[in-house]
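If you're wondering where the values come from, they're calculated on a predicted model, not measured in any experiment. Letters A, B, ... are given to chains in the order of the sequence lines, protein chains preceding strands, and every chain is numbered from 1.
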Number of protein chains: 2
Amino acid sequence: MKKSQTEEKLLETTLRLISEKGYLGTTTREIAREAGVTELTLFRHFGSKEKLFEKVLKRYTFLPKLKEILPELERLPYDDVLRILGIGFFETLKERKSLVKIMLSEINIYPDKIRIIYNGFIDELIKTLADYLSFLQKRDILRPFSPGIATRAFLGMIFSYFMAEEIMGGRIISKRKIEKIIGEFVNITIHGTLKKSTLKVTEADNECNSNL
Amino acid sequence: MKKSQTEEKLLETTLRLISEKGYLGTTTREIAREAGVTELTLFRHFGSKEKLFEKVLKRYTFLPKLKEILPELERLPYDDVLRILGIGFFETLKERKSLVKIMLSEINIYPDKIRIIYNGFIDELIKTLADYLSFLQKRDILRPFSPGIATRAFLGMIFSYFMAEEIMGGRIISKRKIEKIIGEFVNITIHGTLKKSTLKVTEADNECNSNL
DNA sequence: CATAAATGTAAGTACTTACTAACAATAAAT
DNA sequence: ATTTATTGTTAGTAAGTACTTACATTTATG
């Protein structure tokens, strides 16, 4: 077999096994067997278990596709932007579920390696969406609030739902269902961030929360 | 030393070490040494490493205190209820940070043991808050939406923030800062769930989201 | 003080781990 | 077809793991 093919198979297998059983819970013998090669081949290609792990993290990093599609979205209505971004975020998490699992379980043992991936994905996404919210604020469409925190609120709803269902619950959520859920999340976020005048609101609605 | 004191020390030490280095990354030798006893003492008390781990999970389970305080809150204004519950939720996560770390890193290896804890805490909290939202909907204070999903949205914001900062970021968030952040989360949730008429809104605000 | 409960010491077992050495067999490239 | 790159086989090492046994020592309690 060609060198690159063998390495590819080993990387795949390592990603899967470590996401299922953890770094320490996965043995090099097992990886090699599941990849259909000898343990020695594994070491000839990657030198050590830890180097193999590092290559896995580099190879299966998140794609920055969400950041790329946002500029095209800026002419769509607010709720469509949130919906498309939200669904894209969830689908990315689902595609990279194995990587997410590894990040969660190995963050304490390899914080540096994991944080590089985490920041490269989340920070940029937050910044992009926050800039968009900030833009809508300046156009007086959204009420005043911290765009960074609102972004984290919206993405946080989705991430927590993913965590609860797909990671902790071990369930696989259908596309239809997640679209419905994210639709509700979008509604809450829209009503929660739109300027009241945009909602055709009268004045003196500051105490609206206290009269219950 | 008294039996109970030794066991207590061992349980504490196990919680801390496993939360830092994972179940497989923590050796019984190390636990015993850090607890100031012999490895043999550990086995005499708990029989096996796994049984010790189970006792740790049982002992340091989340307290259901949030559920208990909610009935007293029902006469407070909506925003105060959310704020108090949100801060309480975050503080609980922070207090049990070690347990949260263990749950995240061992969910794949011991899904049954972990899910018992997870469900015992989260499910009940969601149900309680969702019932409260449902109650406000029936009194026509909140607009129609799924109470369960809205609850998960609100708690999800907070949980994700906790994950991002305290777990992935390794930062410790001050009480002052988290109160400010949760204040923003509460604002979004309130505006996102209150009935428009409560916001003194005119009719025909259905298309408000599409005219951007 | 005396009895019993708890802990320590030390040695060891059976097993698993990441990783290596020497040599033979196979597949790919020229 | 022949060289070269890649893999397999087999055996092994040194270290670490959870856990045990037998016996001595300490500590708490009545």
Side-chain angles (χ1 to χ4, degrees), chain A residues 1-59 101-102 105-106 108-114, chain B residues 1-59 101-102 105-106 108-114:
Chain A
M1 216 184 307
K2 269 181 92 176
K3 185 178 173 182
S4 57
Q5 290 176 319
T6 305
E7 292 191 353
E8 179 63 33
K9 194 89 177 77
L10 279 167
L11 289 171
E12 283 176 13
T13 310
T14 307
L15 175 75
R16 179 171 59 82
L17 287 179
I18 293 189
S19 81
E20 287 168 3
K21 315 164 54 149
Y23 177 79
L24 291 175
T26 306
T27 69
T28 52
R29 188 176 308 170
E30 197 180 8
I31 295 170
R33 196 186 59 226
E34 297 263 307
V37 296
T38 321
E39 208 180 347
L40 181 52
T41 299
L42 184 156
F43 284 102
R44 278 201 270 240
H45 278 279
F46 297 99
S48 74
K49 186 186 180 184
E50 187 160 354
K51 280 181 193 159
L52 169 61
F53 181 54
E54 284 173 8
K55 296 241 172 179
V56 166
L57 293 184
K58 277 183 190 162
R59 181 148 185 75
K101 281 186 176 183
I102 290 179
S105 51
E106 310 302 337
N108 291 297
I109 309 173
Y110 300 106
D112 297 339
K113 298 185 215 268
I114 304 292
Chain B
M1 215 184 305
K2 266 181 96 177
K3 186 177 173 182
S4 58
Q5 291 175 318
T6 304
E7 293 191 352
E8 180 64 32
K9 194 91 178 73
L10 280 167
L11 289 170
E12 282 176 14
T13 309
T14 307
L15 175 75
R16 179 171 59 83
L17 288 178
I18 293 190
S19 80
E20 288 168 2
K21 314 163 52 148
Y23 177 78
L24 291 175
T26 305
T27 68
T28 52
R29 190 178 308 171
E30 197 181 6
I31 294 170
R33 197 187 59 227
E34 297 263 306
V37 297
T38 320
E39 210 181 345
L40 180 53
T41 299
L42 183 156
F43 284 103
R44 278 201 269 239
H45 278 278
F46 297 98
S48 75
K49 187 187 178 184
E50 188 160 350
K51 279 181 194 159
L52 169 60
F53 181 54
E54 284 173 8
K55 295 242 171 177
V56 166
L57 293 183
K58 277 184 191 163
R59 178 147 185 76
K101 282 185 175 183
I102 291 178
S105 51
E106 311 301 338
N108 290 297
I109 309 172
Y110 300 106
D112 295 339
K113 298 183 214 259
I114 304 293

Residues two or more places apart in sequence or in another chain: which of them pass side chain to side chain donor-acceptor pair (under 3.5 Å) with B:R29? none
Name the pairs: protein N/O against N/O of nucleotides 7-13 of chain D, kept only if under 3.5 Å.
{"residue": "D:dT7", "atom": "OP1", "partner": "A:T6", "partner atom": "OG1", "Å": "2.3"}
{"residue": "D:dT7", "atom": "OP2", "partner": "A:H45", "partner atom": "NE2", "Å": "2.4"}
{"residue": "D:dG8", "atom": "OP2", "partner": "A:T38", "partner atom": "N", "Å": "2.9"}
{"residue": "D:dG8", "atom": "OP2", "partner": "A:T38", "partner atom": "OG1", "Å": "2.8"}
{"residue": "D:dG8", "atom": "OP2", "partner": "A:T41", "partner atom": "OG1", "Å": "2.7"}
{"residue": "D:dG8", "atom": "O5'", "partner": "A:T38", "partner atom": "OG1", "Å": "3.2"}
{"residue": "D:dG8", "atom": "N7", "partner": "A:R44", "partner atom": "NH2", "Å": "2.7"}
{"residue": "D:dG8", "atom": "O6", "partner": "A:R44", "partner atom": "NH1", "Å": "3.3"}
{"residue": "D:dG8", "atom": "O6", "partner": "A:R44", "partner atom": "NH2", "Å": "3.4"}

Give, for atom [atom1] of [X] and atom [atom2] of [Y], the distance between the pair rounded to the nearest 0.5 Å.
{"X": "A:K49", "Y": "A:T27", "atom1": "NZ", "atom2": "OG1", "value": "7.0 Å"}
{"X": "B:F43", "Y": "B:T38", "atom1": "CZ", "atom2": "OG1", "value": "12.0 Å"}
{"X": "A:L52", "Y": "A:I18", "atom1": "CG", "atom2": "CD1", "value": "6.5 Å"}
{"X": "A:K21", "Y": "B:I109", "atom1": "NZ", "atom2": "CD1", "value": "9.0 Å"}

How is A:S4 classified with respect to the nucleic acid when contacts are heavy atoms under 4.0 Å: base, sugar-phosphate, or nothing? nothing
Residues A:E7, A:K55: salt bridge by 4.0 Å N-O rule: no
Does a side-chain N-to-carboxylate-O contact under 4.0 Å join B:E34 and B:R16? yes
Within residues 12-21 of chain B, those residues having any heavy atom closer than 4.0 Å to DNA chain C are none
To the nearest 10 degrees, the angle between the two end axes of the helix from C:dC1-D:dG30 to C:dT30-D:dA1 (five pairs per end) comes to 30°
Is there side-chain contact between [X] and [Y], with heavy atoms separated by less than 4.5 Å?
{"X": "B:E12", "Y": "B:E8", "result": "yes"}
{"X": "B:I31", "Y": "B:T26", "result": "yes"}
{"X": "B:H45", "Y": "B:T6", "result": "yes"}
{"X": "A:E54", "Y": "A:F46", "result": "no"}

Set of side chain to side chain contact (heavy atoms under 4.5 Å, CB included) partners for A:L57, sequence neighbours left out: A:F53, A:L99, A:I102, A:K113, A:I114, A:I117
Taking every non-hydrogen atom, the tightest pair across A:E30 and A:G25: OE1-O, 4.2 Å
With nearest nucleotide decided by heavy atoms, which residue, B:Q5 or B:T27, maps closer to the 5′ end of DNA chain D? B:T27
Terminal contacting nucleotides, 5' and 3', DNA chain C versus chain B (heavy atom, 4.0 Å): C:dA6 to C:dT9
